[in-house]
Amino acid sequence: VDQRIDIHLFNDPRPWWSGYILNCPAQGSTADSYKYTAHGYYNKLDAVVIFADYLSDEISEIVSEIARQAELKSGLNYNRNLLINTNYTASRIQFDGVTAKDALKQLSDFAIDYVYGVDEYRRLFFRPRNREVNEQARFWVGEHLNSFEPQEDAEKIYNVIPIKGAAVDGNGEQWIATVEDAASQLKYGIREKILTLPSAYSAADAERWGQSELAKYKNPVLSAKATGVKLKYPKPDGVFWVRRLSTDGQALITDKEGKERKYPITKLKYTISGEKGIDFAME
């Protein structure tokens, strides 16, 4: 248990994934098959608890301190080059017993459109979302993938966000900011949602965080599932090639009518068996 495990697909010397064993069968079991469960090192951020009060610190510097703690407590590999400057200095952010995972979620929202995680070399990264097409993720439905199911979800739309923070005014209130989007209100009506940001003390910080949340939910959320994705195929020169996909960048999928659809890559799923080989799906 807790032993590191790396997965290399298609004889690639570089790991495609790195994680650790969560649970495994003990000696003496009479089961016909043995099941091992593993998780990526990102999961270890749940066991790192942050107690800190940051005053006038640039967001990536706060992330750097969290990454140092994760290296010390959980065995992640620290690399400052993977923690990209945000050019935003927060007035005050206080984490009072918050997991590193939750802290990074808040910090990515302050940064606006940043992504974070732990890569296949067990290094914490924090960087702007890549809006360019991932060249490994250009697909034609029917040619490179079997099933494509696009969806549009309007259930979670909200366009007025009153925000509660950590500071309490003279009236005992915690409201520190409100953000809203007029275009969304005109199109979908007024949809309100109260959000709480216990780490924020200033209106400016709360407004920046709120604008990040607003950008995600002021319009319907577009998503898609693709299954039966073909990872291997010959290049035009006849050289055998295998896609090495990651969640970096966006997928460009051309449907059967020839319409191009672009989505951020959020989830990759590999199913490996001795009988069927490697099956791949993505969201």
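These values consider heavy atoms only, across backbone and side chains, with no hydrogens, waters or symmetry-generated copies. Note that the coordinates shown come from a computational prediction; the quantities given were computed from them, not determined experimentally.
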Novice: Hey, which of Arg191, Gln185, Lys218 is the one that makes side chain to side chain donor-acceptor pair (under 3.5 Å) with Glu180?
Specialist: Gln185
Novice: By the salt bridge (charged side-chain N to carboxylate O under 4.0 Å, His left out) test, which pairs, at least two apart or in different chains, include something from residues 31-48?
Specialist: Asp2-Lys44, Asp46-Lys101
Novice: Given side chains that start at C-beta, do those of Ile253 and Phe148 come closer than 4.5 Å, heavy atoms only?
Specialist: yes
Novice: Within 45° of the axis and under 6.0 Å from the centre of the six-membered ring of Trp175, does NZ or CZ of Lys164 qualify?
Specialist: yes
Novice: Salt bridge check, Asp113 against Arg131: does any charged N sit closer than 4.0 Å to a carboxylate O?
Specialist: yes
Novice: Salt-bridged, Arg68 to Glu71, with N to O below 4.0 Å?
Specialist: yes
Novice: How about Tyr217: does its OH atom have over 12 heavy atoms from other parts shown lying under 6.0 Å from it?
Specialist: no
Novice: Could you report the tightest heavy-atom contact between Thr178 and Pro162, atom names first, then the distance?
Specialist: OG1-CA, 3.8 Å
Novice: When you compare the side chains of Tyr201 and Gln94, does any donor N or O come within less than 3.5 Å of an acceptor on the partner?
Specialist: yes
Novice: Determine, using ring centers only, whether Tyr116 and Phe125 are less than 6.0 Å apart.
Specialist: no
Novice: Indicate yes or no: does Glu143 engage Arg138 in a salt bridge with an N to O separation below 4.0 Å.
Specialist: no
Novice: Less than 4.0 Å between a side-chain N and a carboxylate O, is that true for Asp255 and Lys259?
Specialist: no
Novice: Are Tyr88 and Asp205 side-chain neighbours, meaning at least one heavy-atom pair lies under 4.5 Å?
Specialist: yes
Novice: When you compare the side chain of Ser64 with that of Tyr78, does any pair of heavy atoms fall below 4.5 Å?
Specialist: yes
Novice: How far apart are the C-alpha atoms of Phe51 and Phe95, what are their side-chain angles, what is the distance that settles it, and do they pass the ring-ring contact (aromatic ring centres under 6.0 Å, His included) test?
Specialist: CA-CA 5 Å; Phe51 291 90; Phe95 294 126; over 10 Å; no
Novice: Do Phe126 and Tyr114 have their ring centres less than 6.0 Å from each other?
Specialist: yes
Novice: Quick one: salt bridge (charged side-chain N to carboxylate O under 4.0 Å, His left out) pairs with a partner in residues 80-94, sequence neighbours left out?
Specialist: Asp53-Arg92, Glu61-Arg80
Novice: Is Leu9 reachable from Ile5 through a run of I, L, V, M, F, W or Y residues, each pair having side-chain heavy atoms under 4.5 Å apart?
Specialist: yes
Novice: Less than 3.5 Å apart, which donor and acceptor atoms pair up between the side chains of residues 268-283 and the rest of the protein, not counting sequence neighbours?
Specialist:
unit_1 : atom_1 : unit_2 : atom_2 : d
Ser273 : OG     : Lys276 : N      : 2.9

Novice: Grouping I, L, V, M, F, W and Y whenever their side-chain heavy atoms are under 4.5 Å apart, do Leu214 and Leu195 come out in a common cluster?
Specialist: yes
